[in-house]
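Throughout, protein chains are lettered first and strands after them, A, B, ... in sequence-line order, and every chain is numbered starting at 1. Every heavy atom of this structure was used, including side-chain atoms; hydrogens, water molecules and symmetry mates were not.
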Amino acid sequence: MAPTPPRSSLFPTLMTLFDIAALLAWSLLLLKFCWTKEINLLLHPDYVWLAYAAGLFLLGLGLFKSVQLLGRSFNRSSRRVARSQAQAAEALPHFSLFPFGSALLLGVALFGLSFTPQPFSSQTALDRGVTDTLTLTRSQPQSFRSQSRPEERTLTEWVRTLNVYPEPDAYKDQKAKIEGFVIHVKDQPDDVLTLSRFVITCCAADAYPIGIPVKLKGSRSAYAPDEWLRVEGKMATQTLSGKRQLVVMATSLTKIPKPDAPYEY
Amino acid sequence: MNQLNNVLTLFFSLLVEAMPFLLLGVLFSSALLLFIDERKLIAAVPRNPLFAAFVGSLIGFIFPVCECGNVPVARRLMVQGAPVSMSIGFLLAAPTVNPIVFWATWTAFRDQPEIVFMRVGFSLLIATIVGWVFSTQKDFRPLLQPAIARSMPVPRHRSRRRKKHEESVSDLLQSGTFILGQSGQVQLDGDPLQAAALVANPVLSKPIPVRLQMMVDNVVLELRELGGILVIGSAIAAIVQVSVPRDVILSLGQDNVTSILAMLLLACVISICSTVDAFFCIIFCFCIYQRLFTSIPNFWSND
C-alpha cells in the first residue's frame with residue numbers, strides 16, 4: 001500500500017494550485033486587454049508594451065510552476081527534491097504578510113476577464129471640471145509641434161496652443177476642425193455645447209478632461225451628451241459664464257463613431 | 001452604473017499599470033537575495049558613521065528590495081558586523097532609493113521630473129541623517145531581539161583598561177564563534193548554529209539550479225503577498241477617486257502640514273508597496289494641484 005501523504009502537505013499543494021491559477025489568469029487578463037485593444041482605455045500607449053511583457057512573463061511563470069507541480073506528482077524522487085527545496089525555502093528571508101493573496105488575485109483576474117472597460121463619460125468630465133487650460137499636474141510639454149494650418153489642429157493641440165498664448169482674439173476667424181464628445185455644461189446657453197476629450201499622461205487614474213465650447217445655430221438638444229462629433233467652423237471670442245473664451249462658431253457638425261482610442265495624450 | 005463602471009475601469013487601470021513594476025521589483029529582489037553575498041559589500045563600506053549611513057542608503061540601487069524584503073537583509077548586515085548607521089540607512093532608504101521605484105515614479109509623474117528627484121533625494125537625505133543619529137548608540141544589542149543581539153559582534157570599547165586587557169589576551173585564546181574570511185575578526189556570542197544561520201545568507205551555499213528554483217518560488221511568494229495588497233490598495237484608490245466628493249479629498253489637507261499628516265495616515269491604512277505607490281499617488285495629486293490651480297486668478301478672464 002502506498003504511504004499516504006502527510007496531512008500537512010495538502011495545504012502547500014492547494015496554495016501552489018491557487019498560485020498557478022492566479023498567475024495564468026493574470027497573464028490571460030493582461031494579454032486579453034492588449035489583444036482586444038481595451039488597454040487603450042486603461043493605459044498610455046507608451047506603457048502598453050510593459051503590460052504585454054508582464055502578461056507573457058506571467059504566462060511563462062504559470063506554465064513553469066504547472067510543469068513543476070505535475071513533475072512532483074508523478075515522480076517520487078522529484079517529491080524528495082521538492083521537500084528539500086521546501087525546507088530550503090523556509091530559510092528564505094521573507095516575512096509573510098498576506099498569505100491569501102493568490103485567491104484574491106485569481107478572483108480579480110477572473111472578474112476582469114469578463115469585464116469590458118468603458119471610456120469616461122461626459123458626466124465624469126463635468127465632475128472633474130472640464131477646462132480649456134492645463135493645470136499643474138497635467139501634461140505640460142516643454143515643446144510640442146502643432147499643425148501650422150489651424151484646421152488640422154486636434155482639440156488637444158488647440159488647448160495646448162491656448163495655454164501658450166491664451167488671448168482668444170489671437171485666433172479670431174481661424175478655421176477649426178475638431179473631434180470629441182458632447183458635454184452639456186449647465187451654465188452655458190442652450191445654443192452652446194462643449195466638445196471634449198480626455199487626456200491621459202500615465203493611466204486612466206490621471207485622465208483629465210479638456211474642452212472647447214461650440215456655438216450652434218440651433219438648440220444643443222439635437223446632440224446628446226457623450227455623442228461623438230466632428231465640428232467644422234471658425235474661431236471667435238465669446239463671453240460665457242462671465243469669462244472671455246475661444247469658441248468655435250460651427251458651420252458643420254457630423255456625427256462620428258466613438259474611436260477605438262478615445263483618449264488623447 | 002456609470003460610477004460603478006468608472007470605479008472598475010480605474011481599478012483595472014491602476015492594476016495593469018502597476019503589475020509590471022511589481023513583477024520587476026519582485027524579480028530583482030528575489031535574484032539579488034539569492035545571489036549576492038552581503039559580506040563583500042560590508043568589507044567595502046567606510047567606517048565613518050555618516051559615510052556609512054550614506055552608503056547604506058545607496059545600497060538599494062544594487063539591492064532593490066521593497067519594505068518586506070529588506071528587513072532580513074538589514075538584519076544580516078547588522079549581524080555580519082556592518083556599522084549600525086549603514087544598516088539603518090539601508091532599512092529606511094532601500095524601499096525608495098532604488099532603480100525600480102525611480103522608474104515607476106518617473107512613469108507616474110513623467111511631466112514633473114522634479115517629483116522623482118525630490119522623492120529619491122529627500123529619502124536619501126532622511127535615511128542618511130537617521131542612520132547617522134542611530135550611530136550614536138555604540139552598543140546596539142539592547143535594542144534588538146535577544147536571538148539577534150546574541151549573534152551580533154561584541155563592540156570593542158577602546159578604553160585604556162580594555163586596550164591593555166586586549167593586548168594581554170591573544171585572539172586565539174578567546175572563546176565563541178568567529179566569522180572567518182573577514183578583513184577584521186568578528187566574534188559572535190551565543191549559540192554557534194543559530195549565529196551561523198543569521199550571519200550568512202543560508203541560500204548561498206546551495207547549487208545554482210536549486211537557487212534558481214528557489215528564486216522562482218520566491219517570486220511567486222512575493223507576488224502572492226504584494227499582489228494581494230496591490231489589489232486592495234487599488235480598490236481603495238479607485239473607490240475614493242469616484243465616490244468621495246472632490247471637496248472632501250481637498251479638505252483632507254487645508255494647508256501643507258495637515259495635508260502631509262492626512263497622506264501619512266492614508267499610507268498607514270493602505271500600506272501599499274513602495275514600488276507601485278506612485279500610481280496610487282497620482283489620484284490625490286490631481287485633486288490637490290487642481291485646488292492650487294483654481295486659487296490662481298485667471299487674468300485673461302477679467303479683461
Any side-chain heavy-atom pair of A:Gln123 and B:Gln3 under 4.5 Å:
no

Would you name the heavy atoms of B:Thr9 and A:Leu41 that are closest together and state the gap between them?
CG2-O, 4.2 Å

Are any non-hydrogen side-chain atoms of A:Phe57 and B:Leu27 less than 4.5 angstrom apart?
yes

Contact origin within A:Ala204 toward chain B - heavy atom pairs under 4.5 Å:
both

Other residues, nucleotides and ligands only: do more than 12 of their heavy atoms fall within 6.0 Å of CG on A:Asp169?
yes

Interface moiety of A:Ile20 toward chain B, non-hydrogen atoms closer than 4.5 Å:
neither

Need one label for A:Ala51: side chain, backbone, both or neither, based on atoms under 4.5 Å from any heavy atom in chain B.
both

Bottom line for B:Leu23: the part with an atom under 4.5 Å from chain A's heavy atoms is side chain

In Å, rounded to the nearest 0.5 Å, how long is the span from CG of A:Leu104 to CD1 of B:Ile232?
5.5 Å

Run the side-chain contact (heavy atoms from CB on, under 4.5 Å) check on B:Glu17 and A:Leu42 step by step: do they pass?
CA-CA 8 Å; B:Glu17 177 75 71; A:Leu42 304 174; over 6 Å; no

So, do B:Leu223 and A:Leu58 sit near enough that their side-chain heavy atoms are less than 4.5 Å apart?
yes

B:Phe12 versus A:Phe111: any side-chain heavy-atom pair under 4.5 Å?
yes

Flag the pair A:Val108 / B:Phe11 as yes when at least one side-chain heavy-atom distance between them is below 4.5 Å, and no otherwise.
yes

Working to the nearest 0.5 angstrom, can you tell me the gap between B:Leu15 CG and A:Phe33 CZ?
9.0 Å

Is A:Phe18 close to chain B through its backbone or its side chain, or both, or neither, when contacts mean heavy atoms under 4.5 Å?
neither

Examine whether an atom of A:Thr116 lies under 4.5 Å from a heavy atom of chain B, and if so say whether it belongs to the side chain, the backbone or both; otherwise answer neither.
backbone

Taken to the nearest 0.5 Å, the spacing of A:Leu23 CG from B:Arg224 CZ works out to 9.5 Å

Measuring from B:Met19:CE to A:Leu30:CG, what's the distance to the nearest 0.5 Å?
7.0 Å

Flag the pair B:Val220 / A:Phe64 as yes when at least one side-chain heavy-atom distance between them is below 4.5 Å, and no otherwise.
no

Which heavy atom of B:Pro20 sits nearest to which heavy atom of A:Leu50, and what is that distance?
CG-O, 3.6 Å

Is the closest side-chain heavy-atom distance between A:Lys65 and B:Asp217 below 4.5 Å?
yes

Quick one: closest heavy-atom pair of A:Cys203 and B:Leu14, and the distance?
SG-CD2, 4.5 Å

